[in-house]
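Quick notes on the structure that follows.
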Amino acid sequence: MCGIVGYIGYRRVLPVLLDGLKRLEYRGYDSAGVAWPEKQKIMRIRAKGKLNMLEEALEDFRGTKTTIGLGHTRWATHGEPTEGNAHPHADCTGELVVVHNGIIENYYSLREELKKEGHVFSSETDTEVIAHLIEKYLEDDLEIAVSKALERVEGAYALGVLWLKQPDILIAARKQSPLVIGLAERECFMASDIPALLPYTNKVIFLEDGQMAALKGDSLELKSISDRKPLNKSIQEIKWDASMAEKAGFKHFMLKEIYEQPDAILNTYRGRIIPEKGQIKFDEINLDKDAIGRIKRIVLLACGTSWHAGLVGKYWIEKWAKIPVEVELASEFRYKELLIDNDYLTVPISQSGETADTLAGLRIAKELGSYIISICNVLGSTITRESDGTVYTHAGPEIGVASTKAFTSQLTALYLLALYLAQELGKLSSREIGEKLEGLMTVPSIIKERLPAWHESAKVLADKYYSYSDFLYLGRNLQFPIALEGALKLKEISYIHAEGYAAGEMKHGPIALIDRNMPVVALCPQDHVYEKMVSNIEEVRSRRGIVISVGVEGDEGLERISNEIITVSKVADDINPFIFTIPLQLIAYEIALARGCDVDQPRNLAKSVTVE
Ligand code: AGP
């Protein structure tokens, strides 16, 4: 998704813009640009490619003293990734510039209207239409012109606007695409996401849909776009500091985030459990026992890795709370006939809280009367603000495109949700809940202690298998979703074709794939389907497939039938998903590294898919 940074204050603007854009690189982009007022005109420098190309283009402007400007990294949705399509975009005069994240759905009709009125366009983008539309309404007040223009716009936007004739004000506006305002002493920032603000401030305002802000450096006015009515500001304090959003010495954000999982899991359950009493506290759910008693079905709604978390959550909720659960791919859910009513609980699961399909599904479920509890990692994100309650994961900023700590934090939230529902419905005794909480509380230390050994094993496996072009991941029961997740990790950062499969399905087709060119990652805990899993492994071996097992330490029988093995601690069956996931993340990471892939920003992918 595109990245927006805007600044007005006392600092030289170009270093602030470039620093902010660098912190948003994880959002995925293919070109970048900045704009600022200088010597009675708006300077606009853009470049295709990574930010270093923009920095080169800015070489001659290092001495710029201007303290207001806009920056942008573009993830192309309309128009090729070229310098001409890069933001900021300008109106006919070149004195008004905009940066935008989102999609203007009626841009074509607006562009035709503006062309008829004499506006000349220089790009293929939908964004440029906004610049000319503001110009159309521009007299002597930028806010009024922006308000009038946006009333004509259909679609999604996070917008930054700068006009040469009012060089002491930046306008920010938002509808469906995230935009956060940072506040500090004598300076204001706008950005698409929190990491761009953290070096300067942790006091933020999340713009809501239909809101605009006039940033004036030492002050900020929040208004509604439609009538410019002043609005109250709700300033939030972000607990993340800048270092959390840095790599902290790791080679990649993804590796840092894999190693952060013990803390992410701990921070997600901390304050929500009383193990000695076998109790879960979930005030944020705002559901009393009667309301929970009326839930006849739960829908877990998500995309990608978050959907895999939902598949695991289903096992726990149905097993402990005895409530039927459907796990829905949001991109399918939003376009099909739904039987949802007000006896449903819908749980959107989203790291970013901005995924377009999941947000659309939330809105449909809400419209049909469902109560909405989201599980999300980003405070104040759109999905959380449209939910009746949110169970926040506390994984901290997840910068790597491949989701890791957010996934295990989502598992933690789902584990607690399943226990909470069971508690409120009286399906589990406090003793049983206490035991399960004790099991959960062992996870952070197990991961922390075993990570280095798992990492070493992953490096050895990567050296041997990084050049293979196909992988199969097999799991049963709680490990089936983990097999899907392991395969997704590998494919999205190493570009190797990898499939996750229910091991019991092998004989229904996939076993035809097995030969010496097919490494098979088999997840084989000593649970109630262990023997079945061992049979699957032997079927693979007998067809000369390469078996890479993840199994319990000391399992000599498994070791004998495996080409390779990574061992994990023996834990309760329900805890296995937390543990088995980590070696798979490391295998994907090390193989991607061995293949020279861009681990944190894999090709074609973005961290948050805020468009369809
Ligand atoms: C997972 O590694 C991917 N980055 C992707 O599948 C992601 O999980 C999916 O896009 C959902 O994102 P969300 O959790 O922010 O909604």
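All residue numbers refer to positions in the sequence shown, counting from 1. Numbering of ligands and ligand atoms starts at 1, following listing order.
At a heavy-atom cutoff of 4.0 Å, ligand 1 is contacted by the side chain of K489 but not by its backbone. Counting heavy atoms under 4.0 Å from ligand 1, residue T305 touches it through both backbone and side chain. For E354, no heavy-atom contact with ligand 1 is shorter than 4.0 Å.
Considering backbone and side-chain N/O atoms, S352 comes within less than 3.5 Å of an N/O atom of ligand 1.
A donor-acceptor pair is defined here as one N or O able to donate and one able to accept, closer than 3.5 Å; such a pair exists between the side chain of D600 and the backbone of M254. At distances below 3.5 Å, at least one donor-acceptor pair connects side-chain atoms of E318 with backbone N or O atoms of V325. Here the side chain of S370 pairs no donor or acceptor atom with the backbone of D341 at under 3.5 angstrom.
Close approach to A402 involves these atoms of ligand 1, each under 4.0 Å from a residue heavy atom: 2 (O). Atoms of ligand 1 found under 4.0 Å from any heavy atom of S403 (numbered from 1 in listed order, with element): 1 (C), 2 (O). Applying the 4.0 Å criterion to heavy atoms of V401 picks out, from ligand 1, the atoms 2 (O), 3 (C), 4 (N). In summary, the atoms of ligand 1 found under 4.0 Å from a heavy atom of S350, numbered by their order in the structure, are 13 (P), 14 (O), 15 (O), 16 (O). Interface atoms of ligand 1 facing S306, defined by a heavy-atom separation under 4.0 Å, are 8 (O), 13 (P), 14 (O).
Two rings, from Y371 and Y344, have their centers 6.0 Å or more apart.
In this structure, C303 has a heavy atom closer than 4.0 Å to ligand 1.
Ring-plane geometry between H72 and H87 is classed as parallel, the angle between the planes falling under 30 degrees on a 0 to 90 degree scale with a further cut at 60.
The CD1 atom of I375 lies 5.0 Å from the CD1 atom of I349; values are rounded to the nearest 0.5 Å.
The protein heavy atom nearest to atom 2 (O) of ligand 1 is E492 OE2, 2.4 Å. The protein heavy-atom contact nearest to atom 10 (O) of ligand 1 is V609 CG2, 4.1 Å. The protein non-hydrogen atom at the shortest distance from atom 12 (O) of ligand 1 is T355 OG1, 3.5 Å.
Of the charged side-chain nitrogens involved, none lies within less than 4.0 Å of a carboxylate oxygen, so that E25 and K50 do not count as a salt-bridged pair. In summary, D19 and R23 engage in a salt bridge, as defined by a charged side-chain N under 4.0 Å from a carboxylate O.
Side-chain contact between D193 and K607 is absent, with no heavy atoms from C-beta onward closer than 4.5 Å.
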